[in-house]
Each structure stands twice: as structure tokens, then as C-alpha cells.
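Please read these numbers as outputs of a predicted model, since none were measured by experiment.
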Amino acid sequence: MRFIPGASRPPKEADPTHFVLPAFTQALIGREDDLPVRIYRVGFEPGARMGWHRHDAEQILIGLAGSCVVVNREGERILLEAGDVVVVEPDEDHWHGAPSGAKGEHLAINLGDETTWLE
């Protein structure tokens, strides 16, 4: 077994080159853990979101608190609330964040290695 205490990886302000702020990210399992998955806790203030991006494998989003929204290029818009799950397919252009009137927090589980940031 391996224990990774969350306090050892505190949340930090999200990277402004990939997010419309304010938002935070917390890497719970990252590249340095040498595991085949990446897990991030992500929180958004009302209206904050990530930029368009895609992943090389499935991404699983699990609502933790408040409301989040997930949007793809086809215009499909899913409201993600606590306990809800969205699976984003490999190479599907999308973004996720909070709607304009609510904060949101989700867990992002990336099954692949690469995130490609778009416009």
C-alpha cells in the first residue's frame, strides 16, 4: 500500500494560461506517482472554467460540490452536480467549469498521459 496525504499537495491557484479564473487545482495523483492514472480535485468560482482541451484517453469527471458544466464542440452541455459522473471520450474537445451563478467542484480522473490545450 501507498499513502498519499492530501495535505502534502495543497490546492493552488489554477494556471491562468489554461483557465479562466478564479479556480484552484489539487493534484491528488500526478505524474510523479508513477501510476497509470492522474486524479485532480478542481474548484471553480462562478463563471470560471478551463480552456478548450482534449485528452488521449477517457477522462472521468465526478461532481463533488455545487454545480459544474461540461461542454463539447457539438454544443452538448451537461450540468454536473455532486455525485454525478461524466465520461469524456478520448480526443473529444471540451471544457468544464462552473455556471455563471454557482461555484462548483469536481474530481477529474485522467486515464491517459496527455492533455492537449487548444484555443
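Distance alone, capped at 3.5 Å, places no donor-acceptor pair between the D33 side chain and the L35 backbone. A side-chain donor-acceptor contact under 3.5 Å links D56 to the backbone of D113.
If you take NE2 on H96 and SG on C68, they are separated by 9.0 Å, rounding to the nearest 0.5 Å.
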Distance-only check: which donor-acceptor pairs under 3.5 Å involve side-chain atoms of residues 42-52, not counting sequence neighbours?
none

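The same ILVMFWY cluster, assembled from side-chain heavy atoms under 4.5 Å apart, contains both L64 and L28. V85 and V70 end up in different hydrophobic clusters when Ile, Leu, Val, Met, Phe, Trp and Tyr side chains are linked at under 4.5 Å. Under the 4.5 Å side-chain contact rule for hydrophobic residues, V86 and I60 do not share a cluster.
Using a 4.5 Å cut-off on side-chain heavy atoms (C-beta onward), T25 and F19 make contact. At least one side-chain heavy atom of L80 sits less than 4.5 Å from a side-chain heavy atom of L61. Side-chain contact between R31 and R38 is present, with heavy atoms from C-beta onward closer than 4.5 Å. With contacts defined as side-chain heavy-atom distances shorter than 4.5 Å, the pair V69/W95 qualifies. L21 places a side-chain heavy atom less than 4.5 Å from the side chain of E13. Side-chain contact between R54 and T115 is absent, with no heavy atoms from C-beta onward closer than 4.5 Å. The side-chain heavy atoms of I4 and R9, taken from C-beta on, include a pair separated by under 4.5 Å. At a threshold of 4.5 Å between non-hydrogen side-chain atoms, the residues L118 and R73 count as touching.
Partner of E58 under the side-chain contact (heavy atoms from CB on, under 4.5 Å) criterion, out of V88, V87, N110: V87 alone.
For the 3.5 Å distance criterion, the side chains of H55 and E92 fail to qualify, holding no donor opposite an acceptor.
Between G104 and A98, the shortest heavy-atom distance links the atoms N-CB, 3.9 Å. Of all the heavy atoms in A108 and Q59, the pair that sits closest is CB-NE2, 3.8 Å. In plain terms, the two heavy atoms of I62 and I109 that are nearest each other are CD1-CD1, 3.9 Å.
The 12-atom threshold is not exceeded at CD of E76, counting heavy atoms of other residues, nucleotides or ligands nearer than 6.0 Å.
E114 pairs by the side-chain hydrogen bond (donor to acceptor under 3.5 Å, both in side chains) definition with nothing, not counting sequence neighbours.
Under the 6.0 Å cut-off for aromatic ring centres, H53 and H18 do not qualify, their centroids lying 6.0 Å or more apart.
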